[in-house]
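Heads up, the thing below is written out as structure tokens.
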Amino acid sequence: MAVWIIASDYATYRSLDAFRALEEVNWSEAPNAHIAPGDVVYLYITRPISAIGVKCCVTSVGLPEPEIDDSEFWVDEQRLLERMNGRTWMRLKRVAVFSDEQRALLKGAVLERYGLRGGFVQSRQRATVELLDYIESVEHGGMLVGDDAVAESADFDPDQVAQFSGQIARDDYGVPDQTANAKTRGSAQRAFADTVKSNYNGQCAITGISTREFLVASHIVPWSEAPEIRLDPRNGICLSTLVDRAFDAGFLQIGTDYVVRIDWTKIVGDAVLGDALKAFDGRRLTMPERHGPHPEYLWRRLQLSPTRAL
């Protein structure tokens, strides 16, 4: 079984509406598509949605013409048929139509972090293991409160950002689970990140990197673990993207003495990664002007994955 990501041209065919209404639709296939019955297809809806919107499975291929009447969802039926001249058709069966909250986490800009080339799909491509793991985590709800780097790329509501910024100013740091959908998560992260990055003068506390696109406001105690301190700037550190990933995965840990230590037991067979992280082993965090990392939060983080005593 192969897993594919296929572009769905929003200007030509309303695939989201089609799969909400129909269990199966016909889809054109190129002669060299190599797509087989049983394969899984994720449809990447083009602009203005720019996100994966539908998961389906392939039930048949090589059909000489479409068998299902879904003409109401074609924006320009004649144009579509002309463009598909010389192609055959396959049948796609609906598995899931993703919600607005899920699509916010499946936008091209987010998927690029997980290996989607260029952050968009032009025709079709196979899903990499890393990309598929992320998509499935969103599909099954694991990323609705997802990691910080993803949340900073997610949709947000400016009014909610202002509300959360006001909470931070009042030392009110809680975001209850019952309100934490994807857009709320993106809005909360935006307010949290603005405060944390400002505290660190827009520089990674470990590497010193200051290019905005490479910075993340990383939670010490993860978002999912502590609703009462989700907005607390003392629960955040400004990190570069590589360091943030290493911190999230436990390759890099920060002790209550603010010293960085690398867990070398996790770095096996990847000399390049080892060389990249070696420079930070034993380095002390550059402390912010205000709201430095709370020692209790650092200690709590260490208890979540105590691979070594720090």
Problem - Backbone of Val58 reached by a side-chain donor or acceptor of Asp39 within 3.5 Å - result: no
Exercise for the section: Would you check if there is a donor-acceptor pair between the side chains of Asp244 and Ser218 at a distance under 3.5 Å? Expected result: yes
Fill in the blank from the handout: The single option from Tyr173, Phe192, Tyr297 that satisfies ring-ring contact (aromatic ring centres under 6.0 Å, His included) with His219 is Phe192
Exercise for the section: Establish, from distance only, whether the side-chain atoms of Ser210 and Gln203 form a donor-acceptor pair under 3.5 Å. Expected result: no
Exercise for the section: Drop me the distance from Phe73's CZ to Ser71's OG, to the nearest 0.5 angstrom. Expected result: 9.0 Å
Practice task
Go through the structure and list residues passing side-chain contact (heavy atoms from CB on, under 4.5 Å) with Glu296, not counting sequence neighbours.
Solution key: His294, Arg300
Handout entry: Lys/Arg N to Asp/Glu carboxylate O, Lys93 vs Glu23, below 4.0 Å
Key = yes
Problem - Within-4.5 Å side-chain heavy-atom neighbours: Tyr42 and Cys56 - result: no
Fill in the blank from the handout: d(Ile135 CD1, Leu105 CG) to nearest 0.5 Å is 12.0 Å
Problem - Side-chain donor-acceptor contact under 3.5 Å, Glu24 with Thr59 - result: yes
Exercise for the section: Using atom types as modelled and distance alone, determine if a side-chain donor or acceptor of Gln253 lies under 3.5 Å from a backbone N or O of Arg301. Expected result: no
Exercise for the section: List the steps and the verdict of side-chain contact (heavy atoms from CB on, under 4.5 Å) for Ile52 and Tyr44. Expected result: CA-CA 4 Å; Ile52 290 177; Tyr44 178 89; 4.1 Å; yes
Practice task
Kindly work out whether a path of hydrophobic side-chain contacts (I/L/V/M/F/W/Y, heavy atoms less than 4.5 Å apart) joins Leu277 to Val216.
Solution key: no
Completion exercise
All heavy atoms of Val260 vs all of Leu285, minimum pair found to be CG2-CD2, 4.3 Å
Completion exercise
CD1 of Ile220 to CG of Leu302, rounded to nearest 0.5 Å, is 10.0 Å
Exercise for the section: Would you please test Tyr13 and Asp9 for side-chain contact (heavy atoms from CB on, under 4.5 Å) and show each step? Expected result: CA-CA 6 Å; Tyr13 184 75; Asp9 185 1; over 6 Å; no
Problem - Check: Leu116 and Gln125 side chains under 4.5 Å, non-hydrogen atoms - result: yes
Problem - Donor on one side chain, acceptor on other, Tyr114 and Asp133, under 3.5 Å - result: no
Exercise for the section: Report yes or no: do Phe280 and Phe247 belong to one cluster of Ile/Leu/Val/Met/Phe/Trp/Tyr joined by side chain heavy-atom distances under 4.5 Å? Expected result: yes
Handout entry: Between CZ on residue Arg103 and CD1 on residue Ile49, distance to nearest 0.5 Å
Key = 5.5 Å
Practice task
Specify the closest pair of heavy atoms between Leu231 and Gly174, including all atoms of both residues, with the distance to one decimal.
Solution key: CD1-O, 4.4 Å
Exercise for the section: Considering only Ile, Leu, Val, Met, Phe, Trp and Tyr, and joining two whenever side-chain heavy atoms are under 4.5 Å apart, list the other residues clustered with Phe214. Expected result: Ile209, Leu215
Exercise for the section: Determine, step by step, whether Thr88 and Val61 satisfy the side-chain contact (heavy atoms from CB on, under 4.5 Å) criterion, reporting the C-alpha distance in whole Å, the side-chain angles of both residues, the deciding distance to 0.1 Å, and the verdict. Expected result: CA-CA 8 Å; Thr88 56; Val61 299; over 6 Å; no
Fill in the blank from the handout: Heavy-atom closest pair (Gln160 atom, Ser187 atom, distance to 0.1 Å) is OE1-OG, 3.1 Å
Exercise for the section: May I ask you to decide if Ala217's main-chain N or O and Glu152's side chain share a donor-acceptor pair within less than 3.5 Å? Expected result: yes
Practice task
For the residue pair Gln303 and Trp299, establish whether any side-chain heavy-atom pair is separated by less than 4.5 Å.
Solution key: yes
Exercise for the section: Answer yes or no: is there a donor N or O on one side and an acceptor on the other, between the side chain of Arg14 and the main chain of Val75, under 3.5 Å? Expected result: no
Handout entry: Gln122 (side chain) donor-acceptor with Ala7 (main chain) under 3.5 angstrom
Key = no
Problem - Close side-chain approach of Leu16 and Phe98, heavy atoms under 4.5 Å - result: no
Problem - Under 3.5 Å side-chain donor-acceptor pair for Glu289 and Asn201 - result: yes
Exercise for the section: Please check if the side chain of Glu225 supplies one atom and the backbone of Pro222 the other of a donor-acceptor pair under 3.5 Å. Expected result: no
Exercise for the section: Check whether any side-chain heavy atom of Pro293 lies under 4.5 Å from a side-chain heavy atom of Ile254, and answer yes or no. Expected result: no
Completion exercise
Of all heavy-atom pairs linking Ser28 and Trp89, the shortest is N-CE3, 3.4 Å
Exercise for the section: Would you check if the side chain of Ser240 reaches a backbone N or O of Cys204 as a donor-acceptor pair within less than 3.5 Å? Expected result: no
Exercise for the section: For the pair Arg185 and Asp148, find out whether any cationic side-chain nitrogen is under 4.0 Å from an anionic carboxylate oxygen. Expected result: yes
Fill in the blank from the handout: CZ of Phe120 to CG of Leu111, rounded to nearest 0.5 Å, is 13.0 Å
Practice task
Please report the closest heavy-atom contact between His291 and Asn199, naming both atoms and the distance.
Solution key: CB-ND2, 3.5 Å
Exercise for the section: Kindly indicate whether a cation-pi arrangement holds for Arg91 with Trp27, taking the cut-offs as under 6.0 Å to the six-membered ring centre and within 45° of the axis. Expected result: no
Practice task
With the side chain counted from C-beta on, respond yes when Pro158 and Phe156 share a heavy-atom pair under 4.5 Å apart, and no when they do not.
Solution key: yes
Handout entry: Under-4.0 Å salt bridge between Asp17 and Arg20
Key = yes
Exercise for the section: Spell out, as yes or no, whether a donor-acceptor pair under 3.5 Å connects the side chain of Thr46 to the backbone of Tyr10. Expected result: yes
Handout entry: Note, Leu43 side chain near Phe19 side chain (heavy atom, < 4.5 Å)
Key = yes
Exercise for the section: Indicate yes or no: at least one non-hydrogen side-chain atom of Lys278 is less than 4.5 angstrom from one of Ile262. Expected result: no
Problem - Distance-minimising heavy-atom pair for Ala18 and Val25 - result: CB-CG1, 4.2 Å
Handout entry: Polar side-chain atom of Arg230 near backbone of Trp223 as donor-acceptor pair, under 3.5 Å
Key = yes
Exercise for the section: Please lay out, stage by stage, how Leu132 and Val40 fare under the test side-chain contact (heavy atoms from CB on, under 4.5 Å). Expected result: CA-CA 11 Å; Leu132 181 58; Val40 172; over 6 Å; no
Practice task
Spell out, as yes or no, whether a donor-acceptor pair under 3.5 Å connects the side chain of Glu29 to the backbone of Gly62.
Solution key: yes
Handout entry: OG1 on Thr256 to CG on Leu298, rounded to 0.5 Å
Key = 7.0 Å
